[in-house]
Student: 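This is the structure I want to talk about, given as structure tokens.
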Number of protein chains: 2
Amino acid sequence: MAGLVSIPRPSLERLPVYYRVLLQCRDAGMQYVSSKELGKRAGFDNAQVRKDLNHIWSGGRPGLGYEIDKLAACLADFLGLCNATDAVLVGAGRLGTALAGYPGFAGYGLNIVAVFDADPAKIGGTLCASPILPATKLANLIERLGIRMGIITVPAQSAQAIADTMIAAGVRAIWNFAPICLQVPENVLVRNEDLAAGLATLSYYLKEKGPVSDSAKGESVVGQSDTQAFHG
Amino acid sequence: MAGLVSIPRPSLERLPVYYRVLLQCRDAGMQYVSSKELGKRAGFDNAQVRKDLNHIWSGGRPGLGYEIDKLAACLADFLGLCNATDAVLVGAGRLGTALAGYPGFAGYGLNIVAVFDADPAKIGGTLCASPILPATKLANLIERLGIRMGIITVPAQSAQAIADTMIAAGVRAIWNFAPICLQVPENVLVRNEDLAAGLATLSYYLKEKGPVSDSAKGESVVGQSDTQAFHG
DNA sequence: TAGATTGTTAATCGATTAACAATC
DNA sequence: TAGATTGTTAATCGATTAACAATC
């Protein structure tokens, strides 16, 4: 199943934001939402909202808007949030700990089946209900359970080796929090979550603004970009 | 100082990646690097590298490439990484803890001066050398120290109120990890680091790929995008 | 010199925005 | 019905890619 619908990346990045807003609207007791309202809450233009949604659903009703329940279900299905995705996490440091216990992932179908670390002192313990295993067992477990997603929260210098091991064992998508650009084969997807890089763009903005005023200028740092919304 | 150079957002997002690669090259003993090599390591096209760099520096030498030391210094200056930026962090949970102690920020001039939390049990303690203060003192401290950057790692339902307090007290840039789209005035910059949203795009990719093969198709999820590099 | 690589212009590509007839 | 809002097309805008003379 799951139509092999093609969608531009910028649109794809906005879909989860719409999804979240829809859940909020539903919690607020709303039944329908217009592209205008949805756009306002998500931070995007209303025409863009309609265009994005039309990539996956054309069930909006003129004059009324979108039925929240149906659209949310449609988005969840499209994004693959319904059936849980098993994943392994490597690196039981502070960031790994935070991710393993992040409540926000629950609704997104992420299931961390095991956590790995190279530190003997950590092995044998548990991290938010996941056992901490030695990194030497990583490949074996991925193969045995057919895991296709890996999360990397190790220091930069270990990241490439971990990625290589994951890929050789069958992982197809890597969520990388190590500050390094991983080299991977064509058929493996890497999403770099480079926190320091994000920080740098904020620093740039503050520097440009200068220590005092907020006068004119600054257009260069204004705009929308994927999951990150900027208001300058 | 600090030229008010305008630069497209996609270029701005790539600059920190170049910067990081340059440091790695320097550590490896290199003195010059070509746009081709830099692009390969950063995951971008060589023409794009030249175009991006020319927004901030035209010191490349035909036949040789870019002098690493000079280019790195130029990037650090442009991004505002040289002079430390004071920031407050609100939310001493797991994610807040991870960020407060993240070693990767050291070289990016981030200085977390205080951590805030609403939980009385946490107040009075310290988090990675920063004192944990009650949220009621947030506004006062921001004003007293002239803080301009705030980091939000509280649950979604508290995030908007914290943001409002920060902004009223003088914060101009917010790094938001709460899964919600903050409503802020025009002159305040928000960078949403929506981890669950990022996860959703990976889930989509795995779903599209199907549980088995990696045959054809999948172009829809391939491409480069800001700090996130995808290889599909 | 010959080979390599830059800075920059032109061509291509794709995404956003505007507009509006169709429809609830 | 009148007002609101959709889906979609056309127009605008901006970013990426290709190409190449200039230059080390």
Side-chain angles (χ1 to χ4, degrees), chain A residues 5-15 17-18 22 25 30-68 70-71 74 219-231, chain B residues 5-15 17-18 22 25 30-68 70-71 74 219-231:
Chain A
V5 187
S6 170
I7 185 173
R9 169 152 296 279
S11 293
L12 175 60
E13 298 277 339
R14 284 187 292 265
L15 295 185
V17 183
Y18 298 140
L22 285 173
C25 289
M30 295 167 62
Q31 195 173 357
Y32 286 88
V33 68
S34 67
S35 59
K36 192 177 163 194
E37 176 67 19
L38 190 45
K40 191 183 149 208
R41 295 188 185 221
F44 305 118
D45 183 76
N46 68 84
Q48 190 158 69
V49 172
R50 291 198 298 280
K51 202 135 219 236
D52 288 339
L53 295 183
N54 277 313
H55 282 119
I56 62 161
W57 197 48
S58 296
R61 297 173 63 183
L64 264 179
Y66 300 86
E67 192 175 341
I68 290 174
K70 284 194 178 149
L71 180 54
C74 195
E219 280 80 283
S220 62
V221 288
V222 181
Q224 300 287 358
S225 148
D226 300 24
T227 39
Q228 289 107 24
F230 284 80
H231 308 104
Chain B
V5 186
S6 170
I7 186 173
R9 169 153 297 280
S11 294
L12 175 60
E13 297 277 340
R14 286 188 290 266
L15 295 184
V17 183
Y18 298 139
L22 285 173
C25 289
M30 295 166 62
Q31 195 173 357
Y32 285 88
V33 67
S34 68
S35 59
K36 192 177 162 194
E37 176 68 19
L38 189 47
K40 191 183 149 210
R41 296 189 184 221
F44 305 117
D45 183 76
N46 69 83
Q48 190 159 69
V49 172
R50 292 199 298 279
K51 203 140 219 230
D52 288 339
L53 295 182
N54 275 315
H55 283 119
I56 63 161
W57 196 49
S58 298
R61 297 174 63 182
L64 263 178
Y66 300 86
E67 193 176 340
I68 290 174
K70 283 193 179 151
L71 180 54
C74 195
E219 280 78 284
S220 63
V221 286
V222 180
Q224 300 286 0
S225 149
D226 301 27
T227 38
Q228 291 105 24
F230 284 79
H231 308 103

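As the structure is a computational prediction, the values presented were derived from the model and not from experiment. By convention in this document, chain letters (A, B, ...) are assigned in the order of the sequence lines, proteins followed by strands, and residues within each chain are numbered from 1. Every heavy atom of this structure was used, including side-chain atoms; hydrogens, water molecules and symmetry mates were not.
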Student: When every nucleotide of nucleotides 8-16 of chain D is labelled 5' to 3' by its protein contacts under 4.0 Å (heavy atoms), B for base, S for sugar-phosphate only, - for none, what sequence of letters results?
Tutor: BBB----SB
Student: Measure the CG-CD1 distance between B:Leu15 and B:Ile56 for me, rounded to the nearest 0.5 Å.
Tutor: 5.5 Å
Student: Between A:Ser35 and D:dT6, is there a side-chain N or O to OP1/OP2 distance below 4.0 Å?
Tutor: yes
Student: Tell me the interatomic distance from B:Leu64, atom CG, to C:dA2, atom P, rounded to whole angstroms.
Tutor: 19 Å
Student: Take the protein atom CZ of B:Arg61 and the nucleotide atom P of C:dA4, then report the distance between them rounded to whole Å.
Tutor: 18 Å
Student: Any chance you could measure A:Ile7, atom CD1, to A:Arg14, atom CZ, to the nearest 0.5 Å?
Tutor: 8.5 Å
Student: Specify the separation, in whole Å, of atom CG of A:Asn46 and atom C1' of D:dA4.
Tutor: 12 Å
Student: Could you pull out the closest heavy-atom pair between A:Val33 and A:Leu22, with the gap in Å?
Tutor: CG1-CD2, 3.8 Å
Student: Taking atom P of D:dT5 as reference, at what distance in whole Å does atom CD of A:Glu37 sit?
Tutor: 10 Å
Student: Out of curiosity, B:Lys70 NZ to B:Tyr32 OH, how far, rounded to the nearest 0.5 Å?
Tutor: 7.0 Å
Student: Working to the nearest 0.5 Å, report the span between CZ of B:Phe44 and CG of B:Asp52.
Tutor: 8.0 Å
Student: Can you check whether B:Tyr66 has a side-chain N or O nearer than 4.0 Å to OP1 or OP2 of C:dG7?
Tutor: yes
Student: At what distance, to the nearest 0.5 angstrom, does CZ of B:Arg41 lie from SG of B:Cys25?
Tutor: 4.0 Å
Student: In dot-bracket, 5' to 3', how would DNA chain C read with Watson-Crick or G-U wobble pairs under 3.5 Å, [ ] for crossing ones and | for pairs to another strand?
Tutor: ..||||||||||||||||||||||
Student: From OH of B:Tyr32 over to P of D:dT23, roughly how many Å is that when rounded to an integer?
Tutor: 18 Å
Student: Side chains of A:Arg50 and A:Asn46 only: does a donor on one sit below 3.5 Å from an acceptor on the other?
Tutor: yes
Student: Expressed in angstrom and rounded to an integer, what is the separation of B:Ile68 atom CD1 from C:dT6 atom P?
Tutor: 12 Å
Student: Measure the OH-CG distance between A:Tyr66 and A:Leu38 for me, rounded to the nearest 0.5 Å.
Tutor: 8.0 Å
Student: Atom CD1 of B:Ile56 to atom C1' of C:dG7: distance rounded to whole Å?
Tutor: 14 Å
Student: Could you tell me how far apart A:Lys36 (NZ) and D:dT6 (P) are, to the nearest whole angstrom?
Tutor: 10 Å
